[in-house]
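For reference, the structure discussed in these notes is given below.
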Amino acid sequence: MLHTLTIQEARKGLDNRTFSSVELTQACLGRITERNDEINAFITVTKELALEEAKYADGQIAKGKATQLTGIPFGVKDAICVKGIRSTGGATILDNYIPPHEATVITKIRQQGAVLLGKQNCDSFGHGASNENSMYGSVKNPKNTTKVPGGSSGGSAAAVADNQCIFSIAEDTGGSIRQPAGMCGVVGMRPSYGRNSRYGCMPLASSLDTIGPITKTVEDAAIIMEIIAGKDERDATTVADPVPDYTEACQKDISGLTIGIPKEYFTLGGVDPEITEAIARYVTQLEKKGCTIKEVSLPHTKYAVAVYYIVVPSEDSANLARLDGIRYGMQAKAETVYDTYSKSRSQGFPEEVKRRIMIGTYALSAGYFDAYYKKAQKVRTCIRQDFTNAFSSVDALITPTSPFAAFGLGQKTADPLRMYLADVMVSPASLAGVPAISIPAGNTSEGLPIGLQVIGPRLGESTVLQIGNSLFTQ
Ligand code: GLN
């Protein structure tokens, strides 16, 4: 049962020589082999490389050279590039793409000696909330295989929840780490925009994209955040602020903190009453732990999904222009240059990606730029201002991660607008660039995980982790 361990437990076992990294890696690979046909969490499994890396890690441990992640197996969302390893982004236009470069975050993790198990299934280039937009098949929720795992990092969340890896690294533009973590019953953290490098992440919306961890505990998320955060000369949007000791922050007492409950999150989007009740139970816990609870208002929350679905497709349509069948990946057979572009893009992207390219191209076109894109950016500023106002009187906000638990496979695919509403609780923090974590908060009567979201002020990762850990370990 080595594959069920957390990062902290695995570290202890490896350091005490209770088991080796090869044994731990074999346990995860065995679990992937046993489960991947059904759950479909991995697109590529790097078995030989993993065993080689594990063997090397065991050598380092024997020499007393182990660092925090030495010998610990992990998986990476396929929209994040790993040098020399096929990275499809969940779309066949990159079916044969082997990146010559690597995401800075992944390099930092691998320099610590972590063992790469493979690349995880996701909605194509992060477009989705259910993992049904992957061209490599849907991922199933390990807690109930008739349900979606959430998205777009469904494979990464499902793999952690199903103990196929010890942790995952994924991307969150508009909720893709938090929402699937919530639906699969694990921990998922989105950092502040600019806290972690985006270099090597296949871009969805460059002004919102972030990379973060999906883990089994909040302390594990803190360990990963501490390793991956920081300035990167390859990403000009990263900030130079020193990286705090997040692990220590997890241990801090939360008494004396003021926690805001944003009323709009409970009145918009038809929140399942079972979820409202679960969050209320956690709020009572916060009071018992000495926190002051305060109702706050973020009045522009109701526009977040509409703004998100103008800003994101706009940036997205520009970013995806580079995938044309010429520069990278798959090239469709065609007679003319125009047909090469057209056929490669029609065949290599799924419906949802094409829909967003069309919406974004339209919103950015000369005649509509002011009416759509510019207006959306103005409202985005109002949404950001709502958070700034709220954080002038509270330390953090508590909300559900999603208005509903995992839904049935196929239930929302026919209606993209209904699918977009799944982002109602996660997109506002993304638009504002503030950090947020989703932690498991019990189950519905149907036995499906409920996610609780803690949102903090910009660069307030320590507070988010502190409150998250206090609720997680209670
Ligand atoms: N549901 C969001 C979308 O489809 C998630 C995006 C993301 O965070 N990658 O755009």
Side-chain angles (χ1 to χ4, degrees), residues 129 150 172 174-183 185-192 212 218 221 254 257-287 291-305 307-308 383-384 386-391 393-406 421-442 444 449-458 460-461 463-472:
D172 186 310
S176 282
I177 288 179
R178 290 161 287 156
Q179 190 253 23
M183 288 191 173
V186 291
V187 173
M189 173 141 192
R190 170 200 168 84
S192 308
V218 175
I254 61 166
L257 294 181
T258 306
I259 311 289
I261 311 296
K263 62 176 184 211
E264 289 80 6
Y265 282 71
F266 296 87
T267 51
L268 289 172
V271 190
D272 176 344
E274 281 196 283
I275 294 186
T276 307
E277 280 162 32
I279 305 298
R281 281 197 294 277
Y282 278 79
V283 172
T284 310
Q285 285 305 317
L286 288 168
E287 266 178 318
C291 295
T292 306
I293 308 296
K294 189 175 164 193
E295 189 184 84
V296 292
S297 172
L298 282 79
H300 297 91
T301 304
K302 56 177 177 288
Y303 303 119
V305 170
V307 168
Y308 179 89
I383 292 169
R384 189 181 305 133
D386 278 356
F387 280 100
T388 309
N389 294 345
F391 289 126
S393 66
V394 301
D395 295 295
L397 301 165
I398 301 285
T399 79
T401 305
S402 163
F404 35 72
L421 288 175
D423 303 342
V424 64
M425 313 256 159
V426 278
S427 54
S430 292
L431 288 164
V434 296
I437 196 167
S438 178
I439 63 162
T444 63
I450 295 172
L452 176 148
Q453 181 176 225
V454 185
I455 309 175
R458 185 158 166 72
E461 279 79 5
T463 313
V464 166
L465 287 159
Q466 180 189 359
I467 298 166
N469 193 48
S470 175
L471 291 175
F472 183 80

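Computed over heavy atoms, backbone and side chain alike; hydrogens, waters and symmetry mates excluded. These figures come from a predicted structure and were not determined experimentally. Along the sequence shown, the residues carry numbers beginning at 1.
Ring geometry, Y303 versus H300: the interplanar angle falls from 30° to 60°, so the pair is classed tilted.
Closest non-hydrogen pair, P400 versus I279, comes out as CA-CD1, 3.9 Å. Shortest non-hydrogen contact noted between G468 and I439 is O-CD1, 3.8 Å. Across all their heavy atoms, G188 and A181 have their closest contact at N-CB, 3.6 Å. Between A441 and A278, the shortest heavy-atom distance links the atoms O-CB, 3.9 Å. When all heavy atoms of D386 and L298 are compared, the pair lying nearest together is OD2-C, 3.3 Å. Counting all heavy atoms, side chain and backbone alike, P180 lies closest to G175 at CD-O, 3.5 Å.
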Should I383 and Y308 be marked as a side chain to side chain contact (heavy atoms under 4.5 Å, CB included) after you check the CA-CA gap, both sets of side-chain angles, and the distance that decides it? CA-CA 11 Å; I383 292 169; Y308 179 89; over 6 Å; no
Applying side chain to side chain contact (heavy atoms under 4.5 Å, CB included), run through I467 and I398 and close with a yes or a no. CA-CA 10 Å; I467 298 166; I398 301 285; 4.2 Å; yes
Using the side chain to side chain contact (heavy atoms under 4.5 Å, CB included) rule, take V464 and V434 through it: C-alpha gap first, then chi angles, then the decisive distance, then the call. CA-CA 10 Å; V464 166; V434 296; over 6 Å; no
Evaluation steps, side chain to side chain contact (heavy atoms under 4.5 Å, CB included), between T292 and L257: CA-CA 6 Å; T292 306; L257 294 181; over 6 Å; no
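Side-chain contact of S297 with E264: a donor-acceptor pair under 3.5 Å is present, judged by distance alone. S192 and E461 are linked by a side-chain donor-acceptor pair at a separation below 3.5 angstrom, with hydrogens and angles left out of the test.
For T399, the side-chain hydrogen bond (donor to acceptor under 3.5 Å, both in side chains) partners at least two apart in sequence or on another chain are Q453. For Q285, there are no side-chain hydrogen bond (donor to acceptor under 3.5 Å, both in side chains) partners, not counting sequence neighbours.
Within the model, atoms CZ of F404 and CD of E274 stand 14.5 Å from one another, a figure rounded to the nearest 0.5 Å. To the nearest 0.5 angstrom, I261 atom CD1 is 5.0 Å from I293 atom CD1. Taking OG1 of T401 as the start and CD1 of I437 as the end, the distance is 10.0 Å to the nearest 0.5 Å. The distance from atom CG of L268 to atom NZ of K302, rounded to the nearest 0.5 Å, is 7.5 Å. To the nearest 0.5 Å, the span separating CG on L471 from CZ on R281 amounts to 13.0 Å. Taken from CD1 in I259 to OH in Y282, the straight-line distance is 14.5 Å, to the nearest 0.5 Å.
Taking the side chain as every heavy atom from C-beta outward, D172 and S430 approach each other to under 4.5 Å. Contact annotation: the side chain of L452 never approaches that of I450 to less than 4.5 Å [non-hydrogen atoms, C-beta and beyond]. With contacts defined as side-chain heavy-atom distances shorter than 4.5 Å, the pair L397/Y265 does not qualify. Side-chain contact check for F387 versus V296: every heavy-atom pair is 4.5 Å or farther apart.
Remark: the backbone N or O of N389 is not paired with any side-chain donor or acceptor of S393 at under 3.5 angstrom. R178 places a side-chain N or O within 3.5 Å of a backbone atom of V426 that can act as its donor or acceptor partner.
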